[in-house]
Chemist: 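Before I ask anything, here is the structure I am working with.
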Amino acid sequence: MSADTVITCHANADNDALASLVGALTLYPDAVLLFPGSQERQVQEFYEEVVEPLYPCVSQRDLDVEAVKRLVVVDTHQPSRLPRF
């Protein structure tokens with residue numbers, strides 16, 4: 001998948017990371033969402049049941065990283081919590 005803007009958060013995403021991902025879509029409506037790793041169990045279940053039909057995420061292996069011009073990082077204070085892209 002080719003995307004100009006990608007919105008991501010820290011690995012092992014929690015509720016506020018998910019909320020931040022979706023909230024950032026208001027600023028970047030043409031962006032795609034990317035979980036950089038696993039999510040907490042309750043977040044994964046809520047995402048699959050409620051959020052995914054409205055805001056699907058792209059997997060990192062399906063993303064054309066060469067096409068990305070902007071990476072928006074939300075809910076992450078330490079760069080070490082971001083996996084390498």
Side-chain angles (χ1 to χ4, degrees):
M1 168 178 249
S2 180
D4 184 64
T5 302
V6 174
I7 303 170
T8 193
C9 62
H10 57 81
N12 197 30
D14 49 16
N15 286 318
D16 50 323
L18 176 59
S20 298
L21 286 170
V22 174
L25 281 172
T26 60
L27 298 173
Y28 303 98
D30 296 326
V32 295
L33 300 178
L34 174 74
F35 283 114
S38 63
Q39 303 91 39
E40 289 182 354
R41 185 173 163 184
Q42 71 179 35
V43 171
Q44 183 178 14
E45 291 171 359
F46 180 76
Y47 173 76
E48 290 172 356
E49 292 177 23
V50 178
V51 180
E52 187 174 29
L54 300 171
Y55 309 108
C57 281
V58 63
S59 71
Q60 188 170 346
R61 69 178 167 269
D62 293 335
L63 181 66
D64 178 9
V65 293
E66 298 297 322
V68 177
K69 293 181 176 45
R70 178 183 298 131
L71 180 64
V72 179
V73 179
V74 297
D75 193 48
T76 306
H77 299 283
Q78 298 172 332
S80 63
R81 292 197 68 193
L82 289 173
R84 195 168 177 182
F85 287 102

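In this text the structure is predicted, and so the values were computed from the model without any measurement. Just so you know, residue 1 is the first one in the sequence shown, and it goes up from there.
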Chemist: Would you compute the distance between atom CG of Asn12 and atom CD of Gln44 and round it to the nearest 0.5 angstrom?
Modeler: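 The distance works out to 10.5 Å.
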Chemist: Consider side-chain contact (heavy atoms from CB on, under 4.5 Å). Of Asp75, Val74, Leu71, which one does Thr8 pass it with?
Modeler: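 With Thr8 as partner, Asp75, Val74, Leu71 yield a single side-chain contact (heavy atoms from CB on, under 4.5 Å), made by Leu71.
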Chemist: For Ala3 and Val32, work out which heavy atoms get closest and say how close.
Modeler: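 Heavy atoms only, the tightest pair is CB-CG2, 3.5 Å.
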Chemist: Same cluster or not: are Val65 and Ile7 linked, directly or through other Ile, Leu, Val, Met, Phe, Trp or Tyr residues, by side-chain heavy atoms under 4.5 angstrom apart?
Modeler: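 Val65 and Ile7: separate clusters.
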Chemist: Any idea which heavy atoms bring Asp16 and Ser20 closest together, and the distance?
Modeler: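 Distance-wise, the nearest heavy atoms are O-OG, 2.7 Å.
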Chemist: Applying a strict under-4.5 Å side-chain criterion to I, L, V, M, F, W and Y, I'd like to know whether Val6 and Leu27 cluster together.
Modeler: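 Hydrophobic grouping puts Val6 apart from Leu27.
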Chemist: Same hydrophobic cluster for Leu25 and Val43, using side-chain heavy-atom links shorter than 4.5 Å among ILVMFWY?
Modeler: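 Yes, because Leu25 and Val43 connect within a single hydrophobic cluster, where side-chain heavy atoms sit under 4.5 Å apart.
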Chemist: Tell me whether Val58 is reachable from Leu33 by hopping between hydrophobic residues (I, L, V, M, F, W, Y) whose side-chain heavy atoms are closer than 4.5 Å.
Modeler: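 No; Val58 is not reachable from Leu33 via cluster members.
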Chemist: Could you go step by step and tell me if Thr5 and Asp30 meet the side-chain contact (heavy atoms from CB on, under 4.5 Å) rule?
Modeler: CA-CA 7 Å; Thr5 302; Asp30 296 326; over 6 Å; no
Chemist: Using the ring pair (Phe, Tyr, Trp, His ring centres under 6.0 Å) rule, collect all pairs that involve residues 26-48, keeping only residues at least two apart or in two chains.
Modeler: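 Listed once each, the pairs are Phe35-Tyr47.
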Chemist: If you look at every heavy atom in Ala11 and Pro36, which pair is closest and at what distance?
Modeler: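 The answer is N-CG, 3.8 Å.
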Chemist: Under 4.5 Å between side-chain heavy atoms, counting indirect links through other Ile/Leu/Val/Met/Phe/Trp/Tyr residues: same cluster for Leu18 and Val72 or not?
Modeler: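 The answer is yes; both residues are in one hydrophobic cluster.
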